Participant: 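Would you mind keeping the following structure in view while I ask a few things?
Note that this is a predicted model, so its numbers are computed, not measured. The figures here come from the full heavy-atom set of this structure, side chains too, leaving out hydrogens, waters and symmetry mates.
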Amino acid sequence: MLAAFIGYGIYWAFYDMSRLPTGEFLTEEISPDGKYTVKAYVANGGATVPYAIRGELVFNQGNNKTKNIYWNYKEDTVIITWTDNDNY
């Protein structure tokens with residue numbers, strides 16, 4: 001039980017993408033078939049942290065569930081293009 005608690009603590013502190021800052025909306029692109037939308041946000045971490053881009057996948061069918069799929073520091077612009085219905 002202790003190992004599970006420690007393992008979850010490490011996951012929560014270092015790998016859980018739901019803890020990322022929301023950021024300021026930049027752009028969005030809807031997939032060709034309309035099933036998905038990728039939204040991009042720029043996060044300003046303050047004076048000592050560089051800008052970062054956060055990419056969020058929105059499932060347009062059903063309950064509009066979202067999932068963070070991209071995070072990268074030292075970026076402040078983004079271009080989203082879809083290569084087919086499922087890959088951007």
Side-chain angles (χ1 to χ4, degrees):
M1 187 72 154
L2 180 61
F5 182 72
I6 291 172
Y8 179 75
I10 291 171
Y11 169 78
W12 179 82
F14 298 106
Y15 299 103
D16 188 8
M17 289 185 74
S18 66
R19 296 183 58 232
L20 294 174
T22 306
E24 181 182 328
F25 179 77
L26 284 177
T27 186
E28 69 178 27
E29 274 298 317
I30 299 172
S31 65
D33 62 358
K35 288 184 182 179
Y36 309 104
T37 301
V38 173
K39 295 183 178 183
Y41 300 87
V42 63
N44 182 359
T48 60
V49 180
Y51 286 99
I53 296 292
R54 180 177 68 89
E56 178 181 79
L57 179 67
V58 180
F59 298 89
N60 294 334
Q61 297 176 343
N63 59 359
N64 288 338
K65 183 179 173 184
T66 62
K67 181 178 181 181
N68 288 320
I69 58 170
Y70 184 81
W71 178 262
N72 198 26
Y73 282 113
K74 298 181 182 176
E75 291 183 10
D76 58 0
T77 59
V78 64
I79 298 172
I80 303 170
T81 56
W82 287 88
T83 57
D84 58 35
N85 288 334
D86 297 319
N87 298 303
Y88 63 95

Participant: Mind checking side-chain contact (heavy atoms from CB on, under 4.5 Å) for Y36 and listing every partner two or more places apart, or none if nothing turns up?
Facilitator: S31, L57, F59, W82, D86

Participant: Using side-chain contact (heavy atoms from CB on, under 4.5 Å) as the criterion, list what pairs up with I6, not counting sequence neighbours.
Facilitator: L2, I10

Participant: Check the hydrophobic clustering (I, L, V, M, F, W, Y; side-chain heavy atoms under 4.5 Å; chains of links allowed) and say if Y70 and V38 are grouped together.
Facilitator: yes

Participant: Would you please name every residue forming a side chain to side chain donor-acceptor pair (under 3.5 Å) with D84, sequence neighbours left out?
Facilitator: N87

Participant: Looking only at non-hydrogen atoms, find the nearest pair between I53 and L26 and report the distance.
Facilitator: CD1-CD1, 3.6 Å

Participant: Taking the six-membered ring for Trp, is the centroid-to-centroid distance between F14 and W12 below 6.0 Å?
Facilitator: no

Participant: NZ/K39 to CD1/I30 distance, rounded to the nearest 0.5 angstrom?
Facilitator: 9.0 Å

Participant: Check side chain to side chain donor-acceptor pair (under 3.5 Å) between N63 and all other residues, then give those that pass, not counting sequence neighbours.
Facilitator: none

Participant: If you look only at pairs with a residue in residues 52-66, which of them pass as a salt bridge (charged side-chain N to carboxylate O under 4.0 Å, His left out), with sequence neighbours excluded?
Facilitator: R54-E56

Participant: Could you tell me which residues satisfy ring pair (Phe, Tyr, Trp, His ring centres under 6.0 Å) with Y8, sequence neighbours excluded, listed by chain and number?
Facilitator: none

Participant: Checking N44 now: which residues fulfil side-chain contact (heavy atoms from CB on, under 4.5 Å) with it, not counting sequence neighbours?
Facilitator: Y51

Participant: Which atom pair, heavy atoms only, marks the closest approach of Y73 to P50?
Facilitator: CD2-O, 3.9 Å

Participant: Name all residues meeting the side chain to side chain donor-acceptor pair (under 3.5 Å) criterion together with N60; count only those two or more places apart in sequence or in a different chain, and write none if there are none.
Facilitator: T37

Participant: My understanding is that only residues two or more places apart in sequence, or in another chain, count here; which of them pass side chain to side chain donor-acceptor pair (under 3.5 Å) with E29?
Facilitator: none

Participant: Is Y41 isolated, or which residues cluster with it under the ILVMFWY side-chain rule of less than 4.5 Å, directly or via members?
Facilitator: F25

Participant: Answer with yes or no whether the hydrophobic clustering places I69 together with I80; edges join I, L, V, M, F, W, Y residues whose side-chain heavy atoms lie under 4.5 Å apart.
Facilitator: yes

Participant: Under the rule for side-chain contact (heavy atoms from CB on, under 4.5 Å), what residues qualify as partners of E24, not counting sequence neighbours?
Facilitator: V42

